[in-house]
Amino acid sequence: MNTPVEGFSKLSKTEKIDWIAEHCTKDPIASKALLEQYWNEDPEVQKVHDEFIENTLSNYYLPFAVAPNFLLNGKFYAIPMVIEESSVVAAASNAAKFWLSRGGFTSEIIGTEKVGQVHFMFHGNADKLPSFFAQLKPKLISGVSAITKNMEKRGGGIIDIELRSLDNKLKGYHQLHCTFETLDAMGANFINSCLEQFAKTLKSEAKTYAAFTPEEAEVEVVMSILSNYVPQCLVKAAVSCPISDLDQAGISGQEFAHKIVRAVEIAKVEPHRAVTHNKGIMNGVDAVVLATGNDFRAIEAGVHAYAAKNGHYSSLTHAKIEDGIFSFWIELPLALGTVGGLTSLHPMVKLALEILGEPTAQELMQVVAVAGLAQNFAALRSLVTTGIQKGHMKMHLMNMLNQMGASESEKKQLVNYFKDHTVTNASVKEALEKIQSQ
């Protein structure tokens, strides 16, 4: 692409593809064929995908898998996962199998409160704001009655509205800090609609508040937007068992439990390790969030902020040994939905939720947290015993063989060969060349 394009969004899908192929690819014919190859053969299904976002050219496939045998609060789950990284699904499945005979996973909802804010500037005597807000608050709530009516019928709605002043951090900066219950909906549109109406009410009421000077009456609303940091929308997932039940080949339960606890302690105090530690957790979390049509970017942002809630970035998981019992748990802020958005539009999302037994938002929070905990346990188990590469590289082997153009017969021979040999790019290439030269 050497020059800007005018009116690209107004072009038809075919015209967009033609333009991109001609101006941005080396082989326009091959590029167009590739884009069309990934269209769904059912025009109606493709139309649904085309309308999710703007300027759609084709579909980008990611594997849709399941990790079975999760026992959670006494109920069995096969957990849908969408991810491209080798070994993630296998690791989750192995962790599920490991804990299946040790009581399974437990989980509980700690809170479901979501947050939105109206950010505004007030230039004048800030001591007047509390009295103004006391008069304003009931008007804010009544002003959104049409928006909140249906949500309230289902048991949700506005939890509270607070006036928060941050004038000491940014001169003149204040906010309406609003909390909501949105039930099975993630609630972004609901929350943002309420916030924008709050902003209008704030501005109009300020203009007529008798105690304000003309300057003070001109409240400047900067923005009204939900927050993806939801530390009160929290779920806990856990596993525990006697350390004697952790005995494994080559390592006692006592030693294994001690190594896991030590690994978590390191992630609590060393940010370089904590980031990778938590990234592994998010391998499991994001995979389920994607499969169920939720916003993994929002979840990532909120979870990583939570990991730094005490002033430094730290482990999201915790472990301890107490009275001969090993305990391993996680707490995550997860604002998820099972109605609205992609959950009612994407056919694969519908299937994922069906596989999970049509969960409520709170049930989905628990499933997602368990997936993250399982992923972290599997990673730590490998790290403190055989090392991470042994299992990961063997799972990555097939990708490497495909990249090297190995035949099915060669793949079969090499998969068998590398059961007892170290997998590296160089060793795989050398072994493949040896077979091909025979």
Side-chain angles (χ1 to χ4, degrees), residues 48 51-52 109-120 129-164 174-209 219 221-235 289 292-295 298-299 302 333-346 349-350 353 356-366 368:
V48 170
E51 293 176 354
F52 286 157
I109 298 296
I110 298 173
T112 58
E113 185 178 287
K114 295 169 186 174
V115 174
Q117 297 165 320
V118 177
H119 305 270
F120 68 95
L129 283 176
S131 297
F132 168 62
F133 178 70
Q135 177 180 303
L136 174 68
K137 186 174 179 178
K139 296 179 181 179
L140 292 171
I141 295 171
S142 63
V144 295
S145 59
I147 300 171
T148 60
K149 181 172 62 175
N150 289 335
M151 185 67 76
E152 288 170 350
K153 285 180 180 178
R154 298 193 295 271
I158 301 165
I159 296 173
D160 196 13
I161 307 173
E162 301 174 46
L163 171 68
R164 293 188 176 182
H174 307 268
Q175 63 177 236
L176 299 180
H177 184 88
C178 313
T179 49
F180 301 85
E181 170 59 65
T182 62
L183 305 170
D184 287 338
M186 189 276 168
N189 291 332
F190 169 76
I191 292 172
N192 286 335
S193 295
C194 288
L195 295 173
E196 290 184 0
Q197 183 57 51
F198 290 164
K200 292 177 183 178
T201 303
L202 168 65
K203 287 177 66 70
S204 63
E205 291 298 317
K207 290 181 183 298
T208 60
Y209 188 59
V219 169
V221 172
V222 180
M223 54 187 166
S224 309
I225 186 69
L226 66 79
S227 172
N228 291 127
Y229 184 45
V230 285
Q232 303 306 317
C233 189
L234 201 63
V235 58
V289 171
T292 56
N294 278 273
D295 185 346
I299 296 301
L334 297 173
L336 300 172
T338 56
V339 299
L342 283 189
T343 61
S344 58
L345 291 174
H346 199 302
V349 169
K350 291 180 182 179
L353 293 172
L356 287 172
E358 306 295 352
T360 64
Q362 291 190 23
E363 289 169 339
L364 182 58
M365 288 170 66
Q366 294 174 79
V368 171

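Residues that satisfy the salt bridge (charged side-chain N to carboxylate O under 4.0 Å, His left out) test with Lys203, not counting sequence neighbours, are absent from this structure. For Asn189, the side-chain contact (heavy atoms from CB on, under 4.5 Å) criterion is met by no residue, not counting sequence neighbours. Judged as a salt bridge (charged side-chain N to carboxylate O under 4.0 Å, His left out), and not counting sequence neighbours, the contacts of Arg164 are Glu162. Take Lys200 and apply the side chain to side chain donor-acceptor pair (under 3.5 Å) test, not counting sequence neighbours, and it matches no residue. Every residue two or more places apart in sequence or in another chain that forms a side-chain contact (heavy atoms from CB on, under 4.5 Å) with Glu196 is listed here: Ser224. Qualifying side chain to side chain donor-acceptor pair (under 3.5 Å) partners for Thr182, counting only residues two or more places apart in sequence or in other chains: Lys114. Legend: residues meeting side-chain contact (heavy atoms from CB on, under 4.5 Å) with Asp295, ordered by chain and number and at least two apart, are Arg297, Ala298. Contacts of Ile109 classified as side-chain contact (heavy atoms from CB on, under 4.5 Å), with partners at least two apart in sequence or in another chain: Thr112, Val235, Gln362, Met365, Gln366. Here Glu152 pairs with nothing under the salt bridge (charged side-chain N to carboxylate O under 4.0 Å, His left out) rule; sequence neighbours left out. Scored by the ring-ring contact (aromatic ring centres under 6.0 Å, His included) test, His174 finds Phe120 as partners (sequence neighbours excluded).
Aromatic ring pairs are classed by plane angle as parallel below 30°, tilted from 30° to 60° and perpendicular above 60°; the pair Phe180 and Phe198 is parallel.
Counting heavy atoms from C-beta on, the side chains of Leu353 and Thr292 come closer than 4.5 Å. The side-chain heavy atoms of Cys194 and Thr148, taken from C-beta on, include a pair separated by under 4.5 Å.
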Begin with the C-alpha distance, continue with both residues' side-chain angles, and end with the deciding distance and a verdict on side chain to side chain contact (heavy atoms under 4.5 Å, CB included) for Tyr209 and Leu136. CA-CA 10 Å; Tyr209 188 59; Leu136 174 68; over 6 Å; no

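Here the OG1 atom belonging to Thr179 is positioned 11.0 Å from the CD atom belonging to Gln117, to the nearest 0.5 angstrom. Note that CD1 of Ile299 is 8.0 Å distant from CG of Asn228, once rounded to the nearest 0.5 Å.
Sorted pairs that involve residues 176-186 and meet salt bridge (Lys or Arg N to Asp or Glu O under 4.0 Å), not counting sequence neighbours, are lacking altogether. The salt bridge (Lys or Arg N to Asp or Glu O under 4.0 Å) pairs that include a residue from residues 137-149 are Lys137-Asp160, Lys139-Glu205, where partners are two or more places apart or lie in different chains.
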